[in-house]
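For reference, the structure is listed below as structure tokens.
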Amino acid sequence: MKTPTIERPAGDRSGAIRRGPLARVVDRLGSGLLQVVLILIGLFWLVPTLGLFAVSLRDQTANTSSGWWTLLTEPGQIVLDNYADLLATGFTASFWNTILITVPSTVLVIGIAAMAAYAFAWMEFRGRDALFLVVVGLLVVPIQIALIPIAGLYGTLGIFGSIPAVVLFHVAFGLPFAIFLLRNFFAGIPRELLEAARMDGAGEWKIFRTVVFPLAKPAVASLGIFQFLWVWNDLLVALVFANTENQPMTKALQSQMRQFESNVDILAPGAFLSLIIPLVLFFAFQRYFVQGMMAGSVK
Amino acid sequence: MEVTGQSADSTTTGAAAGSPPAARPVRLGPSPRLALWFLLPALILLGAMVIYPIVYSIFRSLFDTTGTTFVGVDNYVAIFTDSGMLTTIRNNLIWVAVAPALVTVVGLIFAVLTERIRWATAFKLVVFMPMAVSLMASGVIFRFVYEQDPDRGVANAVLTSVRDVFASGGGFPGARPRENERTPVVLSQGAVVTRQPVSPGQTVLLPLVGLRPDALPASAAAKTPGQGTPGIHGTVWLDFTPGGGGAADAVDAGEKGLPGVTVEALRNGTVAATTTTAADGTFSFPGLTGEHVVRLPQDNFAAPFNGLAWLGPALITPAIIGAFIWVWAGFAMVLIAAGLAAIPRDALEAARIDGATEWQVFRRITIPLLSPVLLVVFVTMIINTLKVFDLVFVIAPGSVQPQANVVALEMWRVSFGGAGDHGLGSALAIFLLVLVLPFMILNIRRFRRDQS
């Protein structure tokens, strides 16, 4: 059984039909052209991000007078002033806010969803299947629906603008996907394992903690990376529920967009810093990321 | 690792895995009351923060801005009558009609192309990478890409240089013939033509004025073309001697030729030959015999192309859709590639042995076998398209946002962006929910089918 990853599954080139020499020459030429086309497409995908990085390394005067690509011929333009200036402002605070929002949101979603998923997969109660269908239905609910009511709710509770308010919202809207993903994974765990544990007299809580949850590491990793990126990259929830003091990087950057031209020296390094951690995580865990993505697109 | 394999299988898309759905868990053991404890935190959160808001929003959408006066369906009527709102809905229709199909097709093309490439993994990582980047940062990235000035925005820089390669010349706006009877050239429908037809062996002089000499390259010292060889020869030059002196309509020392100008030789009104001037402004049609009129087409004098106004009101939605494709193509590609890898090779080989062309194999076998995955990608993209917010909010400059507006953005703008109209905002949120409702039902149906 192969698990889907970005990597190509091994052995899929086996059994290719034998071809004549002419066909092989044509193939080789075609493949050369194909490679050129793919390199061009790859550049198309790479250049915008590289451009952002290049812009972030040039000072404001350089950026207004010439294109970032002149950096390739005049590397002397590289300065780190933008980054130094950015860190001297309040941007570091928003970086910590992003972490303070993202980490609890991810941990809480995993914990709460794993418990619910365990109940859906391995416990018996009336209306279980119907309730799970509700969760499946909630997968696509747009978060816009909750902005106004929850703003009112937070106002009543007196937590509007705080970090817990943002975290709570992310947890609630992360749950349907998380429960869905984990329940499907738990359901695939061999029944014998659980029955054996139950025979031994282990309680449900103990089975959940010591048998099921450890076995589910790949699914938890998928879910974790997904939820982490989702929360880290969110703008809308922060825009509504975080006040200036508690705002994450996305909202801090957004507030600079109004004067885009004159704020390039803040926006470029800020945007680049905000995407570095997700990118590193993504490259480190891309296998789990792809698995989560596959699982999330409902059959 | 058996467990891992099985479960990964049960969580992949149906087409990719091609295996029966996971067995329904057998009910045994603990009491229902214990189950409630496991479910409680999730149920409270989902109930209070997802279900209750849906109910509350329906209710709230029937009231006015302040929430005190019942207005019935007035907020919904406003959505479909207000002109700005209609633009918003029109934009969403464009998005839904264009973006999901484009993303799916691009993903399919990439998945198929990379199937035979050794460095496919590197390519896929590059294309997939934007998935990890926030839409906020993607928006900033594309604000830089789409800058109008070709010296700063890479999109227009590429466009203008590509154009410069294919449309030669085009660098001399303002160049024109002298306005007198003696000069050998006249202006005709924007192009410069010789007054008289010229014959082979004759030297064709095309003197122009109206340019600053320092706008021309220093190397372009004008020269009278060599004579005696067969064919038509001539010079296009700036008939102006810096510092004074020199004769009109003659190539004098110090005068500069116009390089890279397109020159056409016309016989009976149709173009018989085309060439381009050299660095010194000379050109030649060595093979021509008989009388011809020499023409410098209008392109030579057009203002230089400065790229497209990507962030202007006309192109803003296509430009943002471009960024959307950049973000999501990797998702489509990876899903479709997994589907491709799961297609049984023998089916394809059998068709090839039966003499089917590669295109027929692709069209008749690959695509039908892929259709479940393609549908999943397509539907996911429709849902994403309906909810698109960040990209529009960040890429469209403030002045263009009314032209780029979409429902999800308008919902935020109306409720939190100053107006504070929670009645209309709730109505828009419900409208958005209604738009995704068919896909909610589709998901539930497919899930039930897969379970049974």
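Here the structure is a predicted model, which is why all the values come from computation and not from measurement. We name chains A, B, ... by the order of the sequence lines, and we start the count at 1 in each one.
Looking at Leu435(B), neither its backbone nor its side chain comes within 4.5 Å of chain A, counting heavy atoms on both sides. Interface remark: Trp412(B) contributes side-chain atoms only to the contact with chain A (heavy atom separation under 4.5 Å). Heavy-atom distances place the side chain of Ile179(A), and not its backbone, under 4.5 Å from chain B. The contact between Ala48(B) and chain A is made entirely by backbone atoms, counting heavy-atom distances below 4.5 Å. Both the backbone and the side chain of Leu253(A) come within contact range of chain B, each with at least one heavy atom under 4.5 Å from a heavy atom of that chain. In this structure, chain B has no heavy atom under 4.5 Å from any part of Leu281(A). Residue contact with chain B, scored on non-hydrogen atoms closer than 4.5 Å, involves the side chain of Phe289(A) exclusively. Proximity to chain A is limited to the backbone of Pro150(B), based on heavy atoms less than 4.5 angstrom apart. The parts of Trp205(A) that come within reach of chain B are both its backbone and its side chain, each placing non-hydrogen atoms under 4.5 angstrom from that chain. In this structure, the portion of Met411(B) lying under 4.5 Å from any heavy atom of chain A is its side chain and not its backbone. For Leu38(A), the parts sitting under 4.5 Å from any heavy atom of chain B are the backbone and the side chain alike. For Ala178(A), no part lies near chain B; criterion is any non-hydrogen pair under 4.5 Å. Heavy-atom distances place no part of Val109(A) under 4.5 Å from chain B, backbone and side chain included. Interface residue Val55(A): only side-chain heavy atoms are found under 4.5 Å from chain B. With a threshold of 4.5 angstrom between heavy atoms, Phe228(A) does not approach chain B through any atom at all.
Between Gln451(B) and Asp129(A), the closest side-chain pair of non-hydrogen atoms is not below 4.5 Å. Residues Met115(A) and Pro41(B) form a side-chain contact, since some pair of their non-hydrogen atoms from C-beta on lies under 4.5 Å apart. In this structure, the side chains of Phe272(A) and Val140(B) stay at 4.5 Å or more apart for every pair of heavy atoms.
Comparing Leu386(B), Leu375(B), Val154(B) by how many heavy-atom pairs each has under 4.5 Å with chain A, the most go to Val154(B). Looking only at heavy-atom pairs under 4.5 Å with chain A, the residue among Met129(B), Glu147(B), Arg143(B), Met440(B) that has the most is Arg143(B). Per-residue heavy-atom pair counts under 4.5 Å with chain A were compared for Gly330(B), Gly398(B), Ala408(B), and the maximum is reached by Ala408(B). For the options Ala119(A), Ala271(A), Gly137(A), heavy-atom pairs under 4.5 Å to chain B are most numerous at Gly137(A). Interface remark: of the candidates Leu428(B), Leu348(B), Val126(B), Leu135(B), Val126(B) forms the most heavy-atom pairs closer than 4.5 Å to chain A. When Leu46(A), Leu229(A), Val141(A) are compared by the number of non-hydrogen pairs under 4.5 Å with chain B, Val141(A) comes out ahead. Between chain A and the residues Val145(B), Leu113(B), Asp390(B), Ile383(B), the most heavy-atom pairs under 4.5 angstrom are made by Leu113(B).
Rounded to the nearest 0.5 Å, atoms CD1 (Ile444(B)) and CG (Leu133(A)) are 6.0 Å apart. Residue Trp45(A) holds its CH2 atom at 7.5 Å from CZ of Phe123(B), rounded to the nearest 0.5 Å. Between the OG1 atom of Thr64(A) and the CG atom of Asp151(B) there is a distance of 11.5 Å, given to the nearest 0.5 Å. Distance check, rounded to the nearest 0.5 Å: CG of Leu175(A) to CG of Leu43(B) gives 9.5 Å. Within the model, atoms CD1 of Ile112(A) and CG of Leu46(B) stand 9.5 Å from one another, a figure rounded to the nearest 0.5 Å. Atom CG of Asp234(A) sits about 9.5 Å away from atom OG of Ser134(B), to the nearest 0.5 Å.
Ring centroids of Phe283(A) and Phe128(B) are separated by 6.0 Å or more, keeping the two rings apart. For Phe447(B) and Phe132(A), the ring centers are positioned less than 6.0 Å apart. Taking the six-membered ring for Trp and the full ring otherwise, Phe38(B) and Trp122(A) have centroids separated by 6.0 Å or more.
Under the 3.5 Å distance criterion, the side-chain polar atoms of Lys387(B) are left unmatched by any main-chain donor or acceptor of Gln144(A). The backbone N or O of Ile145(A) sits less than 3.5 Å from a side-chain atom of Ser57(B), completing a donor-acceptor pair.
Taking every heavy atom of both residues into account, Thr250(A) and Met136(B) meet most closely at O-SD, 3.7 Å. Taking every heavy atom of both residues into account, Arg152(B) and Asn63(A) meet most closely at CD-O, 3.0 Å. The minimum heavy-atom distance linking Val436(B) with Pro142(A) is given by the pair CG2-CD, 3.7 Å. Listed here is the closest heavy atom pair of Phe142(B) and Pro48(A): CZ-CG, 4.4 Å. In plain terms, the two heavy atoms of Ala132(B) and Pro278(A) that are nearest each other are O-CB, 3.3 Å. Closest approach of Asn233(A) and Val133(B) over heavy atoms only: ND2-C, 3.7 Å.
When each of Phe53(A), Trp68(A), Phe260(A) is tested with Phe144(B) by the rule ring pair (Phe, Tyr, Trp, His ring centres under 6.0 Å), just one qualifies, namely Phe260(A).
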| task | Begin from the C-alpha positions of Phe393(B) and Leu239(A) and carry the test side-chain contact (heavy atoms from CB on, under 4.5 Å) through to its verdict. | result | CA-CA 12 Å; Phe393(B) 190 40; Leu239(A) 210 53; 3.4 Å; yes
| said: Could you go through Met49(B) and Leu168(A), starting from their C-alpha distance and side-chain angles, then the distance that decides it, and tell me whether this counts as side-chain contact (heavy atoms from CB on, under 4.5 Å)? | reply: CA-CA 9 Å; Met49(B) 304 194 61; Leu168(A) 214 55; 3.9 Å; yes
| task | Evaluate the side-chain contact (heavy atoms from CB on, under 4.5 Å) criterion for residues Phe125(A) and Leu36(B): first the C-alpha distance (whole Å), next the side-chain angles of each, then the deciding distance (0.1 Å), finally the verdict. | result | CA-CA 8 Å; Phe125(A) 55 93; Leu36(B) 186 65; over 6 Å; no
| Should Val158(B) and Phe44(A) be marked as a side-chain contact (heavy atoms from CB on, under 4.5 Å) after you check the CA-CA gap, both sets of side-chain angles, and the distance that decides it? | CA-CA 11 Å; Val158(B) 170; Phe44(A) 210 81; over 6 Å; no
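For the residue pair Trp119(B) / Gln35(A), a side-chain donor-acceptor distance below 3.5 Å is found, with atom types taken as modelled.
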